[in-house]
Amino acid sequence: MNAEVSHEIVLNVNGEVKRFSAPARRLLSDALRGDLGLTGTHVGCEHGVCGCCTVLIDNQPVRSCLTFAIAAQDRKIRTVEGLADADGELHPVQAAFKECHALQCGFCTPGFLMTATALLEQRPNPDEEEITEALAGNLCRCTGYQNIRSAIGHAIELMQSDI
Amino acid sequence: MKPAPFGYHRATSVEDAANLLSELDDAKILAGGQSLIPLMNFRLSTPAHLIDISNLPELNEIRVDDRSVTIGAAVTHTTLLKTSQVASELPLLVDAEKLIAHEVIRNRGTVCGSLAHADPAGEMTAVIRVLNGAVRTSSVEGERVIQAVDLFEGPLQSSLTETEIIVEAIFPKLGRNSASSFREVARRHGDYAVAGAVSVVDYDNARSIESARTAFLSVGPVPILISFDELLVDAKTSDLGHDEIYEFVSSQLNPQNDIHASADYRRHLAAELAWESLKACV
Ligand SMILES: Cc1cc2nc3c(=O)[nH]c(=O)nc-3n(C[C@H](O)[C@H](O)[C@H](O)COP(=O)(O)OP(=O)(O)OC[C@H]3O[C@@H](n4cnc5c(N)ncnc54)[C@H](O)[C@@H]3O)c2cc1C
Ligand code: FES
Ligand code: FES
C-alpha cells in the first residue's frame, strides 16, 4: 500500500495558532490530544453519544470525535484548557463544578464544562428546561446529574456576581 | 477505533463537487459528518475519498416562497431551528427538528444529509414523505428532482446514484386548512425513536376532513405512509375513533424484532402514536 499522505494542518485553539502534520483521517479529538498535547478533551465512545469529547467550534458545542481536524481549519476551537485564566483562576463554571461536587472521576467533566459554558454564553439565564435540554447530550457514569445541574445554577450566580 | 485512510477534498462549488464525485473512485460526500464519521470510526464505511461540501455558501441557504421551504445541503439542523421564518411558515419542520438528537449533533448535522443517509429512524425522512416533498440533485449528467416517495429504497439506502449530490430539499408548505403533528417514543430524550408518527390532516372550508395521512419512522426499511382517506373522508372530527385507527394502522405495519424493541411493541407504539398525532391535528 502507498504511504498515507500527510497534510500540514493549521488549527486555532484557545486563541493560539497551532501547526502539525497529520493524515486527513485524524479526528479533531485525537489531534487535540495526540498532536497538540491538550489531553483535557477526553475520548469515550467515538460515535457521538457520550459527550466527553465536546469542544466549542466558533462558540458552538460540537463532538470533536465526529469532526476531522483537517476540516476544522479556519475555525476558532475552544477546549477545557482555555477556560481558566492565564493566572490559573477557574472559570465560573469550573468553580461551580468544584464547589457543588459536580464531578467524581472527572472523565465526563470536560464535556460538561464546555457544554455548560456554551449554554451560559448563549443564554445567561436559562430556565430549568433549557438546562436539562443542554445537558441531556452528555453522559456521566458516577456523579449523577443532580449535582451537575446544581452546579449550573451556581455558575449562573457566580457569573452574575462577577459583573 | 479510527477511520481508514482516505483522501480529503474541499469542494469549491457544487460543480466541482460533482466533477470530483464522478472522477474519483469510491468517493463520498461529507456534509456534517454526524452519521458518516461514526460509521467510519467503526470502519463500517471505508470510502477512499471524501468531498467536503459543508463550507459552500451557495448550499447554506433556506428559501421560503408561497409554496415551499427549500433547504440547501449545507444547512444544519440548528440553522433550520433558529430560522424564525421556518417556524411561522412550516412549524412541522421545527417540531421534527426538536426531536433530532441533541444540540451538539444538530450544530453539525445537516437536513439534506439525513435524507441522503436514508435512515428510516430519521425524523426528516418521515417529514419529507408525509409532505410529499422532493430533493433536487446535481451530477455530471445534469440535474433532476427525486420525489420523496422514490428517494428511499431501504435502510441507509437512497435512490441517489453514486455520482449524485443532493443540492437542496423541498418541503411543501401546508395550507391554512391543514394541521400537522409529530409524536414519537424514544428511550431517552435525543435518542433515535423506537417508533414515531407524523400526521397531516386537510380540511375543507366546512371543517370536514378532506384527507388524512401519517408517515411512520422506525417501523420499516423506509418511512412508511398510510392514508386514512378511505376511513375518514367526510367524517366529522368526532368520528375519529381510536380502535378503528389502531386496527387500520397495525394491520398494515410489519416492523422487525431488534435489540431495541420487539416487532409487536413497535407496531403497538406506531398505532398509538398515529392515533395521538391524528387527534392532535383535529
Ligand atoms: C449521537 C447521535 C444521535 C443522533 N440522533 C438522531 C436522531 O434522533 N434523529 C435523526 O434524524 N438523526 C440523528 N442523528 C444523525 C444526524 O441527524 C445526522 O446529522 C444526519 O443524519 C446526517 O447529516 P450529516 O450532515 O451529518 O451527514 P453526513 O454524516 O455528512 O453524511 C451522511 C451520509 O449522507 C451522504 N450525504 C450527505 N450529504 C449529502 C448530499 N448533499 N448529497 C449526497 N449525499 C450526501 C454522505 O455521503 C453519507 O453517506 C444522530 C447522530 C448522532 C451522532
Ligand atoms: S467520544 Fe465523542 S461523544 Fe463520545
Ligand atoms: S464524574 Fe465520572 S463519569 Fe462523570
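Protein chains get the first letters and strands the later ones, always in sequence-line order, with residue 1 at the start of each.
Applying the 6.0 Å contact sphere to CD of B:Q256 captures no more than 12 heavy atoms from other residues, nucleotides or ligands. Taking a 6.0 Å sphere around CZ of A:R123, one finds it holds more than 12 heavy atoms contributed by other residues, nucleotides or ligands.
The stretch residues 68-87 of chain A places A:F68, A:I70, A:A71, A:Q73, A:D74, A:R75 near chain B, each with some heavy atom under 4.5 Å from a heavy atom of that chain. Residues of residues 48-57 of chain B lying under 4.5 angstrom from chain A, judged on non-hydrogen atoms, are B:L50, B:D52, B:N55 by number. Chain A is approached within less than 4.5 Å, heavy atom to heavy atom, by B:T78, B:K82 from residues 77-98 of chain B, ordered by number. Close approach to chain A, defined as a heavy atom under 4.5 Å from one of its heavy atoms, is seen in B:F6, B:Y8, B:R10 of residues 6-21 of chain B, taken by number.
Here the side chain of B:Q34 pairs a donor or acceptor atom with the backbone of A:L66 at under 3.5 angstrom.
Proximity to chain A (any heavy atom under 4.5 Å) is shown, for B:L39, by neither the backbone nor the side chain. Of the two parts of A:T67, the backbone and the side chain both hold a non-hydrogen atom closer than 4.5 Å to a non-hydrogen atom of chain B. For A:P23, no part lies under 4.5 angstrom from a heavy atom of chain B.
In plain terms, the two heavy atoms of B:P3 and A:R25 that are nearest each other are O-NH1, 2.9 Å.
Each of A:T115, A:D30, A:V5 has some count of heavy-atom pairs under 4.5 Å with chain B, and the biggest count is that of A:D30. Most heavy-atom pairs under 4.5 Å with chain A: of the set B:G33, B:A101, B:G190, B:A4, this distinction falls to B:A4.
A:V62 places none of its side-chain heavy atoms less than 4.5 Å from the side chain of B:I105. Between B:N107 and A:I57 there is no side-chain heavy-atom pair separated by less than 4.5 Å. Counting only heavy atoms from C-beta outward, the side chains of A:E46 and B:K2 approach each other to under 4.5 Å.
Here SG of A:C45 is found 9.0 Å from CG of B:N41. Values are rounded to the nearest 0.5 Å.
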For this session: Quick one: do A:E133 and B:H102 satisfy side-chain hydrogen bond (donor to acceptor under 3.5 Å, both in side chains)? Show the steps, please.
Result: CA-CA 8 Å; A:E133 171 79 27; B:H102 301 283; 5.7 Å; no

